[in-house]
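Down below is the structure, laid out as C-alpha cells.
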Amino acid sequence: MKNKTLIVIAGPTAVGKTSFSIELAKMLGTEIVSSDSRQFYKEISIGTAKPTKEELARVKHHFINSLSIDEYYNVSRFEREVLDLLDELFLTYDYVVMTGGSGLYIDTVCKGIDELPDADESLRNLLKRRYKEEGLENLLDELKALDPEFYEEVDQDNPNRVLRALEVIRGTGKKYSELRKQPAKERPFNILKFCLNHEREELFERISLRVDQMVKEGLIDEVKSQLPNRHLNALNTVGYKEIFQYLDGNISLEQALTDLKTNTRRYAKRQITWFKRDPAYVWVHPNDINKVLEVIRNGIR
RNA sequence: GGUACCAUAGCUCAGUUGGUAGAGCAACGGACUGAAAAUCCGUGUGUCCCUGGUUCAAAUCCAGGUGGUACCA
C-alpha cells in the first residue's frame, strides 16, 4: 500500500540543502517540493537564497515563485496544496524530495495540523490595539476566563500566542484548547526525514560568505524595490529588515550586514532546535549523500 | 636599546580601602498549531598574561619576566 515515499531534506539555513536536494532528486529521477515559507514569493529571490535559474532548470521545483508577495498564505493551505500535488506526483514517481527550512511547514505536511480558522485581520487588529492600549495582562485575564486550560499551557510572555488564542476563541466561539486536540494525521505514503548539518563554526562561516555573496548579487537593490511592500509579513524576514534599516539611514551598511549575519545565525539555531526535537530525523553531513541513499534503500525492505 | 602606559569571559571593557570577579555585545540552551526567515523564554561560559614575594587572604601591593601600544634614541 505504502509504496511511495516522501523524502524530507531539512536543515538550517545556508547548510547546502538546495544543491544536496537537486543531486538527490537527479539520482532518484524525481521532482522537488519546496518547504520554505519565503521562497514562495516571486518578488524576493536574492535575500531568500532561492535556487538559481540553472538549478531550477535541472530539476522541476514546486512552491518556488508560487505566490506574489502581497498574497495571504498560511501553513494550512500549504498542507492541502502539497498533499494534492503529492497525489499527482506519486502517480509517476516512487519518491518525491521535499526540502526547505521551515519546520512548521514540514511538520504540517508530515503530520497535519488542527482545523483552525484562518487569520481574521479585523479581529486581529482589534486585539492588537487592545494589547497596545491595555497591555497583555488584561488579555491574559480574558483568556483565563474563556479557556483556562489553554491559559495554563500558553507561553504567557508571548503576545502572538495569546492574541491568536483569543482570535480563535472569538472567531469560533469554541475553546482554543479543544480545537487543538486532534491527533496527528496518518499519510498514505512513507516519510523519511533527513536533517543536514555542519559543525557550528563552519555553518557560521557559510552564513557569512553567503550574505556577502547576496550583496554582490544585488541584495540592496532587491530590498529597495520592496520598500513599498515593507509592511507585508513576507518582508518581516531576515535579510530584508536589516537592509530596510540601512535604507532608512538608521544604521550603516556595514552595521546592517553585521546584523544580518547575526540574525541569520540565530535563525539557524532556532531551526536546529526545531529539528532536534523530532527523533525521526537522521542527521547527515551535506557531503554524505550516500548515507541518505543507503537509508532509502533499507527503507524499501 | 631607554621611558611610560596597558594585559580580566569569544570581543569591548568595569572591578572601591586587598576578602578568588561582572556589564554590554557575541555565544549557548529551550519553547513553538493559519505571522513560523515570525514570536517568545532561559543561561556567565574565566589559568584575572607568567613566575616569585608580602599577607590569614592578591585581579588588586612589590620584584622579575613575557607580550602589546606610544614616545624617546
Side-chain angles (χ1 to χ4, degrees), chain A residues 10-15 17 34-41 44-50 69 71-81 100-121 123-125 127-128 131 136 140 150 153-165 167-169 171-172 176-185 200-201 203-204 207-208 210-211 214 219 223 231-244 255 258-278:
Chain A
T13 188
V15 78
K17 293 186 292 296
S34 170
S35 51
D36 183 306
S37 72
R38 290 298 183 268
Q39 292 183 2
F40 300 146
Y41 300 104
I44 49 175
S45 295
I46 299 170
T48 60
K50 259 179 214 164
I69 195 145
E71 284 183 75
Y72 175 76
Y73 200 67
N74 64 46
V75 67
S76 181
R77 294 186 188 184
F78 182 71
E79 175 191 17
R80 219 162 35 235
E81 290 174 15
S102 304
L104 179 64
Y105 280 66
I106 296 170
D107 285 359
T108 298
V109 169
C110 296
K111 302 174 202 162
I113 193 164
D114 291 319
E115 300 286 332
L116 297 172
D118 285 356
D120 176 334
E121 203 171 338
L123 189 50
R124 185 169 288 191
N125 287 335
L127 288 163
K128 260 190 214 167
Y131 166 53
L136 198 53
L140 276 169
F150 187 70
E153 67 187 57
V154 71
D155 178 354
Q156 298 187 2
D157 295 312
N158 193 332
N160 279 11
R161 297 274 147 70
V162 176
L163 290 174
R164 170 65 181 159
E167 176 188 307
V168 171
I169 293 166
T172 62
Y176 193 46
S177 54
E178 281 167 13
L179 292 167
R180 293 197 337 141
K181 283 201 167 141
Q182 296 166 43
K185 291 171 197 151
R200 196 62 62 92
E201 201 179 331
L203 181 64
F204 285 5
I207 286 170
S208 180
R210 194 171 75 174
V211 169
M214 284 175 176
L219 178 64
V223 179
H231 58 283
L232 297 171
N233 176 56
L235 290 167
N236 181 194
T237 295
V238 174
Y240 296 85
K241 48 189 177 186
E242 298 84 0
I243 305 298
F244 284 140
Q255 186 60 50
T258 301
D259 291 351
L260 205 175
K261 289 174 186 179
T262 299
N263 289 333
T264 305
R265 276 184 246 128
R266 289 177 174 164
Y267 170 49
K269 234 180 76 59
R270 275 178 270 135
Q271 291 176 297
I272 291 168
T273 299
W274 182 287
F275 298 129
K276 268 200 286 197
R277 196 169 55 147
D278 183 348

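Just so we're on the same page: letters track the sequence lines, and every chain starts at 1.
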Could you check whether A:R164 pairs with A:E167 (Lys NZ or Arg NE/NH1/NH2 to Asp/Glu carboxylate O, under 4.0 Å)?
yes
Can you tell me which nucleotide in B:A36, B:C28, B:A35 comes closest to the side chain of A:F204?
B:C28
Can you tell me which stems RNA chain B forms when a stem means 3 or more consecutive Watson-Crick or G-U pairs under 3.5 Å?
B:1-7 with B:66-72, B:10-13 with B:22-25, B:27-31 with B:39-43, B:49-53 with B:61-65
Rounded to whole angstrom units, what separation is found between the NZ atom of A:K269 and the C1' atom of B:U39?
16 Å
Considering just the side-chain nitrogens and oxygens of A:K241, establish if one lies under 4.0 Å of OP1 or OP2 belonging to B:A38.
yes
How far does the C1' atom of B:C50 sit from the matching atom of B:C11, given to the nearest Å?
23 Å
Assign A:T13 to base, sugar-phosphate, or nothing according to its heavy-atom contacts below 4.0 angstrom with the strands shown.
nothing
If the condition is ring pair (Phe, Tyr, Trp, His ring centres under 6.0 Å), which residues does A:Y267 pass it with, not counting sequence neighbours?
none
Among B:U39, B:G34, B:U33, the one nearest any side-chain atom of A:P159 is B:U39
Compare side-chain N and O positions of A:R164 against OP1 and OP2 of B:G34 and report whether any pair is under 4.0 Å apart.
yes
Euclidean distance, A:I44 CD1 relative to A:K50 NZ, rounded to 0.5 Å
6.5 Å
Do A:R161 side-chain and B:A35 base share a donor-acceptor contact under 3.5 Å?
no
Side-chain-base donor-acceptor pair under 3.5 Å for A:N160 and B:U39:
no
For A:T264 and A:R210, test the side chains for any donor-to-acceptor distance below 3.5 angstrom and give the result as yes or no.
no
Are OP1 or OP2 of B:G34 and a side-chain N or O of A:N233 less than 4.0 angstrom apart?
no
